[in-house]
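What follows is a short report on a single structure.
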Amino acid sequence: MIYRVEEHFLGHLSINLLGKGKYMSPRHFIDTQDFSKQELLDIIELTRLIKAADKQGCTPHLLKDASLAMIFEEPSTRTRVSFEVAMTELGGHALYLKPGEIHLGVRESMYDTAKVLSRMCDAIFARTLKHETITSLAAYAEVPVINGLTDYNHPTQAVCDVITMIEHVPAGKQLEDLRVAFIGDATNVLSSLMSVCTKMGMHFIHAAPQKYQAPAEWQAWALENCRVSGGSVLITDDPAAAVQDADFIYTDLWWWVGQEDQIPERRAAFMPTYQVNKELFAKAPAHCKFMHCLPASRGVEATDDVMDHPRSIIFDQSENRLHTEKGLLVYFIYHHLQHPSDELRAFHKGRIENFLNAVLRDSR
Ligand code: CP
């Protein structure tokens with residue numbers, strides 16, 4: 001039984017056998033408020049470069065062999081499919097961990113789960129019922145944590161939405177000229193969209209009945225964003241005034257998971273004034289586009305004639321979730337991967353095969 005350890009490589013390489021070579025202070029994507037305008041523009045430009053490659057059938061395998069743990073406490077179509085396909089097309093792998101499938105704060109502490117996933121995966125994605133759950137995960141994780149929606153915000157959706165707006169920017173306008181009218185409830189999607197739009201220097205209007213308007217705390221950070229960026233934010237209960245100069249009208253569900261008991265009250269508050277129907281859409285400029293993050297309750301917050309209107313861009317938005325997830329995954333993971341040389345790969349393969357040939361063959 002003879003096998004040779006080639007110290008040539010081991011001698012000058014420091015090989016970390018404890019964990020996957022993780023990082024002490026990874027950058028997380030929990031809230032777009034944690035990012036500057038320039039950083040968000042970098043993510044947007046990276047996404048656009050990767051999308052251009054994808055459209056020519058040559059998405060580079062920038063995350064080859066990387067793994068993403070995807071924790072879902074809530075159902076999802078777009079987020080789940082886009083992250084899983086994005087990892088595959090970038091040469092990596094995603095694990096779908098559905099509600100109840102792993103110990104997350106039940107039978108195992110958040111700390112332990114975060115540490116274990118950090119040892120096995122290169123990043124953690126989570127869609128959690130409570131925002132505190134994802135901030136706890138991020139506090140303990142040694143790999144980047146990406147927020148796939150909480151009860152507070154939905155940052156991956158908002159970055160996607162701004163990319164979609166850039167692709168549909170009206171002739172003669174630039175990003176900072178855009179006016180976005182969000183009609184409806186102060187949802188987690190509104191929170192992130194208001195954050196990104198005001199960071200970008202855009203003009204953001206939220207129209208809703210007073211009880212359902214963006215809370216004062218959100219208005220405060222949005223105003224501060226505008227002070228820095230030159231954008232503006234306005235909260236109103238008048239949807240017609242909100243849409244009159246809008247380049248984009250956006251709406252979202254009027255009630256969310258856990259709010260089913262409020263459906264009669266919410267329906268009465270929003271219907272019919274805040275429904276995006278052809279009458280409200282007609283009050284906007286002729287170039288105005290309609291957006292919805294989906295899923296939608298057709299006939300409730302928006303009617304079919306608007307959802308399926310030639311100026312509806314809801315499916316461009318959906319597709320852009322895939323491209324945006326690629327941009328985000330590469331932005332947060334790429335520099336943490338080891339990118340070993342072919343020579344180093346060949347060295348380890350040879351070393352393991354030497355062992356297999358010398359030891360295990362004899363033992364069979
Ligand atoms: N927009 C969005 O997040 O959709 P899913 O809930 O289907 O993921």
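Every number for a ligand or one of its atoms is a count from 1 in the order of the listing. Atoms considered below: every heavy atom in the structure, side chains included; atoms not considered: hydrogens, waters and symmetry mates. Source: prediction; values computed, not measured.
Taking the side-chain contact (heavy atoms from CB on, under 4.5 Å) definition, one finds that P215 meets it with A186, W218, sequence neighbours left out. A search for side-chain contact (heavy atoms from CB on, under 4.5 Å) contacts involving S36 returns Q38, E39, not counting sequence neighbours. Remark: H335 engages no residue in a side-chain contact (heavy atoms from CB on, under 4.5 Å) (not counting sequence neighbours).
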Are there any N/O pairs under 3.5 Å between ligand 1 and the protein, and if so, what are their distances?
| unit_1 | atom_1 | unit_2 | atom_2 | d |
| --- | --- | --- | --- | --- |
| ligand 1 | 1 (N) | Q157 | OE1 | 3.0 |
| ligand 1 | 1 (N) | C293 | O | 3.1 |
| ligand 1 | 1 (N) | L294 | O | 2.7 |
| ligand 1 | 3 (O) | T79 | OG1 | 3.0 |
| ligand 1 | 3 (O) | R127 | NH2 | 3.0 |
| ligand 1 | 3 (O) | H154 | NE2 | 2.8 |
| ligand 1 | 3 (O) | R321 | NH1 | 3.2 |
| ligand 1 | 4 (O) | R78 | NE | 2.9 |
| ligand 1 | 4 (O) | L294 | O | 3.4 |
| ligand 1 | 6 (O) | R127 | NH1 | 2.9 |
| ligand 1 | 6 (O) | R127 | NH2 | 3.4 |
| ligand 1 | 7 (O) | T77 | N | 2.7 |
| ligand 1 | 7 (O) | R78 | N | 3.0 |
| ligand 1 | 7 (O) | R78 | NE | 3.2 |
| ligand 1 | 7 (O) | R78 | NH2 | 2.9 |
| ligand 1 | 8 (O) | S76 | OG | 2.6 |
| ligand 1 | 8 (O) | T79 | N | 2.9 |
| ligand 1 | 8 (O) | T79 | OG1 | 2.6 |
| ligand 1 | 8 (O) | R127 | NH2 | 3.1 |

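Between H131 and Y152, the ring planes are perpendicular. Angles over 60° get that label, and only those under 30° would be called parallel. Ring planes of Y250 and F182: parallel class, angle under 30° (limits at 30 and 60°).
No cation-pi contact links R80 to F125, judged by a cut-off of 6.0 Å to the six-membered ring centre and 45° from its axis.
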